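Everything below concerns the one structure shown next.
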Amino acid sequence: MKIVMLGAPGAGKGTQAKMIAAEYGIPHISTGDIFRANIKEGTELGVKAKAYMDQGLLVPDSLTLELIMDRFTKDDCANGYVLDGFPRTIAQAEALTASLKEQGDALDYAIDVDVPDESIVNRMSGRRACIACGGTYHIVFNPPKKEGICDLCGGELTIRKDDVPETVQKRLNVYHEQTQPLIDYYNGEGILRTVDGTQEVAEVFESIKAFLNA
Ligand code: ADP
Ligand code: AMP
């Protein structure tokens with residue numbers, strides 16, 4: 001099964017993608033996580049990506065496409081994947097469609113996690129992320145068992161640099177301009193499914209499973 005998660009930054013794509021990955025035995029591929037891992041390791045890609053990410057801008061398509069196409073060649077993608085944060089532009093979506101088509105393949109679903117901008121700022125300001133394993137929490141809506149510590153790996157939880165309110169607003173603008181058009185794109189392909197992302201985490205997941213198991 002090949003799934004794309006759509007939605008504004010902070011809508012809950014990563015939270016749901018991790019649950020989908022565990023339930024259906026497919027890898028969760030987050031371009032944001034891959035960029036952050038590169039930044040942490042100080043790679044050339046990381047240095048280039050950081051300049052855009054810190055400003056709330058998108059990393060250029062050329063860099064992002066090279067990275068994701070390489071990721072698709074790994075063995076764990078044999079049965080599909082759930083993509084989180086990719087594609088983010090029409091050019092990226094078209095490149096993905098073309099690359100799959102070359103192999104006689106196509107995406108199965110694009111799931112739009114729909115959350116109004118008003119709720120996003122709250123979610124981002126409370127988000128805490130584990131740098132070690134990518135685990136995501138919220139201080140009110142999805143707190144870790146022990147404050148500041150990742151339930152999954154015991155790593156330290158931090159506030160993402162791009163989750164400060166000024167950058168969040170910029171990321172929302174970028175989302176509306178460059179990424180939201182993908183909703184129409186995938187609707188046109190007939191694979192769009194929309195879930196109400198303002199529900200509780202478990203309820204959002206039930207709605208998604210209802211689509212995937214239909
Ligand atoms: P995205 O991957 O879309 O940027 P995340 O999955 O990281 O978003 O979620 C953003 C923040 O909102 C996190 O702190 C997460 O714990 C929290 N969150 C995710 N889903 C929900 C939900 N349904 N209700 C409330 N908070 C949520
Ligand atoms: P995310 O973790 O999905 O919120 O992504 C964090 C940041 O990484 C974004 O604000 C972008 O700067 C960058 N990024 C992640 N995925 C992409 C992508 N597909 N295209 C361009 N930039 C991306």
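In this text the structure is predicted, and so the values were computed from the model without any measurement. In each ligand, atom 1 is the first atom listed, and ligand 1 is the first ligand listed. Scope of the values below: all heavy atoms of this structure, side chains included, with no hydrogens, waters or symmetry mates.
Inclusion of Gly85 in the set of residues having an N or O under 3.5 Å from an N or O of ligand 2 is warranted. Considering backbone and side-chain atoms together, Arg127 places no N or O closer than 3.5 Å to any N or O of ligand 2. For ligand 2, the polar-atom distance check finds no N/O of Asp162 at less than 3.5 Å from any of the ligand's N/O atoms. By the 3.5 Å distance cut-off applied to N or O atoms, Tyr52 is not counted among the residues near ligand 2.
Ion pairing between a basic and an acidic side chain is recognised when a charged N comes within 4.0 Å of a carboxylate O; Lys170 and Glu166 show no such pairing. Between Asp54 and Lys161 a salt bridge is recorded (basic side-chain N to carboxylate O distance below 4.0 Å). By the 4.0 Å N-to-carboxylate-O rule, Lys40 lies too far from Asp33 to be salt-bridged with it. A salt bridge does not link Asp163 to Arg123: none of the charged side-chain nitrogens sits closer than 4.0 Å to a carboxylate oxygen.
In this structure, a donor-acceptor pair under 3.5 Å is absent between the side chains of Thr194 and Asp114. No hydrogens or angles considered: a donor-acceptor pair under 3.5 Å links the side chains of Lys18 and Thr136. Gln169 and Asn173 share a side-chain donor-acceptor pair at under 3.5 Å. No side-chain N or O of Tyr52 forms a donor-acceptor pair with one of Asp162 less than 3.5 Å apart.
Residue, atom and distance of the protein heavy atom nearest to atom 23 (C) of ligand 2 are Phe35 CE1, 3.8 Å. Closest protein heavy atom to atom 21 (C) of ligand 2: Val59 O, 3.2 Å. Nearest non-hydrogen protein atom to atom 10 (O) of ligand 2 is Arg171 NE, 3.9 Å. For atom 9 (C) of ligand 2, the closest non-hydrogen atom of the protein is Arg88 NH2, 3.9 Å. Residue, atom and distance of the protein heavy atom nearest to atom 15 (C) of ligand 1 are Thr15 OG1, 3.8 Å. Of all protein heavy atoms, the one closest to atom 17 (C) of ligand 1 is His138 CB, 4.0 Å. Of the protein's heavy atoms, Tyr137 O, 3.6 Å lies nearest to atom 13 (C) of ligand 1. Distance from atom 2 (O) of ligand 1 to its nearest protein heavy atom, with residue and atom name: Gly14 N, 2.8 Å. The protein heavy-atom contact nearest to atom 4 (O) of ligand 1 is Gly10 N, 2.8 Å. Among protein heavy atoms, the minimum distance from atom 11 (C) of ligand 1 is reached at Arg123 O, 3.8 Å. In this structure, the protein non-hydrogen atom closest to atom 20 (N) of ligand 2 is Gln92 NE2, 2.9 Å. In this structure, atom 7 (O) of ligand 1 lies nearest to the protein heavy atom Arg127 NH1, 2.6 Å. Of the protein's non-hydrogen atoms, the one nearest atom 8 (O) of ligand 1 is Gly12 N, 3.2 Å. For atom 12 (O) of ligand 2, the nearest protein heavy atom (residue, atom name, distance) is Leu57 O, 2.6 Å. The protein non-hydrogen atom at the shortest distance from atom 16 (N) of ligand 2 is Thr31 OG1, 2.8 Å.
Both the backbone and the side chain of Leu58 come within 4.0 Å of ligand 2, counting heavy atoms alone. In Glu200, the part holding a heavy atom less than 4.0 Å from any atom of ligand 1 is the backbone. Under 4.0 angstrom from ligand 2, the non-hydrogen atoms of Arg160 all belong to its side chain. By the criterion of a heavy-atom distance under 4.0 Å, the backbone of Ala8, and not its side chain, is placed next to ligand 1. Contact annotation: for Asp84 versus ligand 2, there are no heavy atoms closer than 4.0 Å. Counting heavy atoms under 4.0 Å from ligand 1, residue Gln199 touches it through the backbone alone.
Numbered from 1 in the order shown, with element, the atoms of ligand 1 that lie under 4.0 Å from a heavy atom of Val201 read 20 (N), 21 (C), 22 (C), 23 (N). The ligand atoms of ligand 1 that sit less than 4.0 angstrom from a heavy atom of Phe141 are 25 (C), 26 (N). Each of the following atoms of ligand 1 lies closer than 4.0 Å to a heavy atom of Thr136: 7 (O), 13 (C). Numbered from 1 in the order shown, with element, the atoms of ligand 1 that lie under 4.0 Å from a heavy atom of Lys13 read 1 (P), 2 (O), 3 (O), 4 (O), 6 (O), 8 (O). Listed by number with element, the atoms of ligand 1 under 4.0 Å from a non-hydrogen atom of Gly197 are 23 (N).
Not a single heavy atom of Lys13 sits under 4.0 Å from any atom of ligand 2.
The shortest non-hydrogen separation linking Ala11 to Val115 is O-CG2, 3.6 Å. Shortest non-hydrogen contact noted between Cys77 and Ile29 is SG-CD1, 3.8 Å. In this structure, Leu182 and Pro87 approach most closely via the heavy-atom pair CD1-O, 3.2 Å.
Pairs engaging residues 78-89 under the side chain to side chain donor-acceptor pair (under 3.5 Å) rule: His28-Asp84, Asp61-Thr89 [sequence neighbours left out].
Nearest to atom 8 (O) of ligand 2 by heavy atom, out of Gln178, Met53, Gln55, is Met53.
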